[in-house]
Chemist: 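Sharing a structure, written as structure tokens. Questions coming.
Letters A, B, ... are given to chains in the order of the sequence lines, protein chains preceding strands, and every chain is numbered from 1.
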Amino acid sequence: MLNITPELLATHKISSGEYDKIVSLLSRTPTITELGIFSVMWSEHCSYKSSRVHLKKLPTRSKYVLLGPGENAGIIDIGGGYGVAFKIESHNHPSFIEPFQGAATGVGGILRDIFTMGARPIAVMDAIRFGPLDDPECGKRNRRILEGVVSGIAHYGNCFGVPTVGGECVFDPSYNGNPLVNVFALGVIKADEVFLGRAEGVGNPVIYVGAKTGKDGIHGATMASDEFTEESKQHRPNVQMGDPFMEKLLLEACLEAMKTGAIEGIQDMGAAGLTCSTSEMGSRAGTGMEVDLMHVPQRETGMTAYEIMLSESQERMLLVAKKGREQEVFDVFKKWGLDAAVIGTVTADGILRVRHNGTIVAEIPNRCLADEAPIYQRPFTKPARKVPMEGPTFASKDLGADLKALLASDDLCSKRWIWEQFDYMVRTNTIAGPGYDAAIVRVKETGSSVAVSLDGNGRYCYLSPREGAKLMVAEACRNVSTVGALPLAATNNLNFGNPEKPEIMAQLVEAIEGMSEACEFFETPITGGNVSLYNETLGEGILPTPVLGIVGLMKTTAPVKNVFPAARLDVLLIGGLGDCDLTHFGGTQYANTILKTMWGMPPALDMAQEKKVQDMIRQLVVDGLVESSHDIGEGGIAVALAECSFGGVGCEVMLPNVLRPEFALFHEGPSRILVSTSKAETIHKLGKRLGIEVVALGSTIVDRYVVTGLLDLPLGELRETWESALETKLHA
Amino acid sequence: MKFGVVVFPGSNCDHDAFWAVSHNLGADAEFIWHDSHKLPAVDAVILPGGFSYGDYLRCGAIAKFSPVMASIKKFAADGGLVAGICNGFQILTESGLLPGALVRNQGLKFVCRPVELEVASADTPFTNAFHKGDRVTFPVAHGEGCYTADQRTLDQLEAEDRVLFRYIDNPNGSERNIAGICSKGRNVLGMMPHPERVTEPLMGSSQGLLVFRSMMSALISK
């Protein structure tokens with residue numbers, strides 16, 4: 001019998017309370033394989049034990065939602081008999097240890113979540129965060145991590161043949177030892193041909209397909225113990241290796257096999273590999289599964305049951321076929337040159353039973369792994385916050401220099417160096433790619449397009465997790481509305497520090513509640529997502545960084561531009577100049593980049609006003625009343641005007657004289673959108689009717705960037721500053 | 001008038017080429033699986049972009065052993081039109097149907113961007129709808145698109161008017177800015193830029209359609 005020591009439990013991250021529960025559920029001491037199985041299934045990553053009680057607060061339903069949280073990905077209805085499946089997932093820790101493979105397998109994992117539903121992936125986006133590139137201590141490492149992550153994403157997505165159509169790349173010292181790599185994927189699916197991860201039909205064969213199982217990633221969820229290495233001898237990196245070519249074959253083979261009608265249920269093997277797929281498929285269907293590891297295709301001989309069950313080798317799927325129709329499945333996988341093997345059967349007893357070398361090495365009722373998983377009401381106090389409410393007195397010495405510094409800052413500079421490494425056009429559906437407020441990808445099957453925006457703002461959420469989360473939802477919805485799409489649903493990635501610290505738990509709770517309130521208000525239910533906790537370095541947590549992906553729907557049409565397309569157009573500000581005081585200026589990029597500090601509160605949000613502005617811009621874009629449309633975000637109106645000018649046509653505008661210049665130019669109040677138009681009068685009238693302030697700022701001109709009385713700069717110089725900043729820093 | 005689009009394991013621009021010639025050009029099209037020993041009845045063959053066989057070993061190096069390639073060699077020898085785009089170009093050089101090789105981009109990174117090209121020869125079945133000297137913009141998306149060959153081969157390509165497209169602003173370090181070439185018989189095209197990605201207004205332009213339209217008119221007048 002296994003000798004259970006405190007060290008063994010500690011290395012499996014199982015508390016003594018949890019161990020007692022395991023023993024009482026099994027009415028005996030677990031085997032080492034069972035201990036491994038409990039360890040991964042009850043891990044934070046798989047069980048959401050710290051966040052589950054709070055995640056329940058999120059809205060998950062609407063008339064568009066076909067499938068909410070709980071499956072591999074959520075699905076919404078886009079009409080015409082089709083839906084889109086989408087989800088975001090993190091690969092933060094692996095990307096720090098091995099940036100290239102960590103990021104690559106992050107892409108691979110989320111793609112499998114999409115095509116396991118029966119959807120063909122048509123877009124990937126990524127939200128990536130690093131320590132500053134010029135950090136005095138960690139700059140060199142940060143640059144190496146960024147280059148590795150970017151080429152890893154490129155390697156996997158480009159080869160697989162899915163376009164990487166946008167995302168965000170943000171920097172902060174809190175990510176120095178803990179970069180964030182959140183990958184979003186979306187696929188098209190026939191609404192009545194959705195496949196679920198369910199082991200239906202007692203007696204049906206359980207079939208393993210795809211890559212062979214190796215020793216890689218075995219301890220992806222729980223670290224190896226000394227006692228355990230005694231048994232496993234070899235140490236392999238915890239980070240898995242990705243093979244996008246294998247994944248491409250797996251995609252084509254799975255979609256083709258699904259068409260045969262011989263498949264009952266299917267699930268990818270991601271975190272916790274075979275363990276997670278066997279137990280989850282059984283528990284969802286209320287069945288059990290009996291598998292014999294002898295039949296699992298293996299990359300090397302002599303693997304233990306523990307290793308096989310916990311391996312996180314990539315590019316593998318588990319499926320349940322209709323009894324007697326196995327051959328049809330085998331034929332398809334053979335055509336694509338992939339392994340397929342029956343490894344067991346679906347049983348009626350609800351038990352996950354694993355045999356290896358003729359003996360039963362694990363026998364666990366599925367409900368113990370899923371329903372009986374621990375749920376913690378972690379104590380929470382006030383969100384961690386070490387910055388003052390009151391801001392410093394300051395006055396700009398040179399507004400032009402400030403603008404240039406902002407345009408060259410890590411967060412706001414052009415990310416072309418990154419996105420040109422991604423094939424953002426393959427599949428020829430990319431109507432608006434990187435650089436747009438939201439990416440637009442057409443669905444050839446329906447004549448409609450989806451618009452997607454990924455947004456997060458760690459600084460806002462640090463100042464106020466609740467308000468920051470609401471602002472994030474508003475911003476993502478605004479981005480989608482700015483290109484003319486109606487926001488329909490969302491997926492979230494919650495990146496936080498250690499939830500066992502009450503002040504970190506408080507960040508998580510307040511962010512979820514803020515997100516919940518805003519998603520309810522903007523009618524964008526959360527259909528799934530991912531929680532990544534314990535993002536800490538040397539006891540210091542990252543900025544609380546929820547990231548949201550909003551998916552919107554629009555008719556397929558040529559996209560509205562995000563830059564001024566021609567001179568002598570009117571430049572209008574939809575939503576007015578907004579208001580700002582010193583307190584609400586403390587989370588801006590100006591405070592971050594120019595003043596190098598942070599204080600106060602994030603910008604104030606009026607959700608009702610925000611919704612009205614979004615409704616108006618959507619109408620303007622859909623009716624073709626504007627020539628360009630771009631929302632005002634970080635860096636305020638001064639940066640937004642510059643971004644609109646980088647197509648080569650500048651502007652000459654005057655701001656209403658109601659705020660001090662730094663606030664007027666750089667405050668980040670939400671609910672504001674810049675448009676250029678030749679139909680100003682119609683827009684003014686519409687604004688009056690809808691009760692939305694529309695300010696005539698000026699007009700577009702050639703080659704210059706002028707904010708009367710405040711800024712007057714040659715466009716070429718501004719553009720050069722913005723375009724070259726990232727590459728200059730990377731090669732410093 | 002029917003195009004055959006070859007599907008290797010790892011092809012990922014196969015659907016794009018199919019869409020371009022069927023939906024946007026209005027021709028018939030059919031996929032051809034890589035282990036077909038006989039070509040179906042098609043009038044022209046497209047080798048699409050992607051990562052055939054994972055591009056392991058070298059880009060296109062394994063694809064040349066595919067059963068379908070033997071049939072395509074014969075088809076080309078008989079004067080059939082074969083267009084290799086991106087990975088298709090790499091396969092054609094590996095198979096010896098076109099001279100030279102595609103090596104790692106000079107910048108060592110994958111590059112995806114629209115690039116301006118000059119039509120260097122309009123006297124081929126792939127470019128007859130252009131005029132020599134026309135400027136067009138097609139996207140590139142590759143990590144190994146740097147065209148290279150020995151000086152004699154390059155001189156010969158130029159002397160025989162077999163350079164079809166040249167980069168205006170070379171994205172990958174290709175010798176003599178070469179973006180696309182044809183065979184001595186002028187019936188085999190290889191090019192790194194993707195004409196199929198600019199074949200309808202929603203893609204930003206329809207200029208790429210002219211490549212496929214050229215093929216169509218060459219076949220009709222044959």
Side-chain angles (χ1 to χ4, degrees), chain A residues 120-122 147 150-165 242-253 315 334-338 416-434 440-442 444 447 449 555-559 727 730, chain B residues 7-20 22-24 31 33-35 48-57 59 62 85-87 105 107-115 138-144 171-172 193-206 208:
Chain A
R120 179 177 282 279
I122 61 164
E147 296 209 33
V150 169
S151 54
I153 293 170
H155 167 70
Y156 210 99
N158 295 353
C159 178
F160 179 83
V162 63
T164 302
V165 295
D243 179 352
F245 171 59
M246 176 68 87
E247 178 114 327
K248 165 75 172 164
L249 302 183
L250 194 58
L251 160 78
E252 299 298 343
E315 292 95 24
K334 188 169 174 230
K335 173 186 163 189
W336 290 95
L338 295 174
R416 179 185 298 273
W417 183 90
I418 292 174
W419 54 256
E420 277 197 343
Q421 295 184 53
F422 304 146
D423 188 342
Y424 56 89
M425 302 182 231
V426 63
R427 303 201 66 76
T428 60
N429 294 322
T430 309
I431 287 178
I440 307 174
V441 181
R442 75 165 155 181
K444 287 193 179 111
S449 294
K555 228 179 98 201
T556 295
T557 174
E727 213 173 333
L730 279 171
Chain B
V7 182
F8 296 100
S11 293
N12 63 30
C13 301
D14 45 350
H15 288 270
D16 302 353
F18 191 93
W19 175 267
S22 60
H23 187 269
N24 294 340
F31 286 116
W33 185 235
H34 72 114
D35 68 1
F51 290 71
S52 57
Y53 300 93
D55 274 350
Y56 292 131
L57 194 58
C59 303
I62 304 178
I85 301 164
C86 198
N87 192 228
N105 293 348
L108 302 180
K109 293 199 179 322
F110 190 97
V111 56
C112 179
R113 85 169 66 122
V115 296
F138 295 171
V140 293
H142 57 244
E144 273 119 12
N172 53 31
H194 287 272
E196 81 281 11
R197 292 189 182 188
V198 274
T199 51
E200 58 180 311
L202 277 173
M203 299 176 184
S205 135
S206 305

Chemist: Rounded at 0.5 Å granularity, tell me how far CG in B:L202 sits from NZ in A:K444.
Modeler: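 Those atoms lie 10.5 Å apart.
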Chemist: What part of A:R416 lies closer than 4.5 angstrom to a heavy atom of chain B: side chain, backbone, both or neither?
Modeler: neither
Chemist: Tell me, side chain or backbone of B:S11 under 4.5 Å from chain A's heavy atoms, or both, or neither?
Modeler: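 Only the backbone of B:S11 comes within 4.5 Å of chain A.
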Chemist: Between B:G10, B:G204, B:A141, which residue shows the highest count of heavy-atom pairs closer than 4.5 Å to chain A?
Modeler: B:G10
Chemist: How far does NE2 of B:H142 sit from CG of B:D55, to the nearest 0.5 angstrom?
Modeler: 12.5 Å
Chemist: Centroid separation under 6.0 Å, is that true for the rings of B:F110 and A:H155?
Modeler: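 When the ring centroids of A:H155 and B:F110 are compared, they turn out to be at least 6.0 Å apart.
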Chemist: Do the side chains of B:F8 and B:I62 get nearer than 4.5 Å, heavy atoms only?
Modeler: no
Chemist: Determine whether A:F160 and A:K248 make a side-chain contact, defined as any pair of heavy atoms from C-beta on separated by less than 4.5 Å.
Modeler: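 They are in contact (side-chain heavy atoms under 4.5 Å apart), so the answer is yes.
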Chemist: Which atoms of A:T557 are under 4.5 Å from chain B, going by heavy atoms: the side chain, the backbone, both sets, or neither?
Modeler: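 Interface part for A:T557: backbone (N, CA, C, O).
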Chemist: Would you call the rings of A:F245 and B:Y53 parallel, tilted or perpendicular if under 30° counts as parallel and over 60° as perpendicular?
Modeler: tilted
Chemist: Given that the side chain runs from C-beta out, which part of A:E147 has a heavy atom under 4.5 Å from chain B: side chain, backbone, both or neither?
Modeler: side chain
Chemist: Given a strict heavy-atom distance threshold of 4.5 Å, which part of B:P201 is in contact with chain A: side chain, backbone, both, or neither?
Modeler: neither
Chemist: For the interface with chain B, which of A:T430, A:D243, A:L249 has the highest count of heavy-atom pairs at distances below 4.5 Å?
Modeler: A:D243
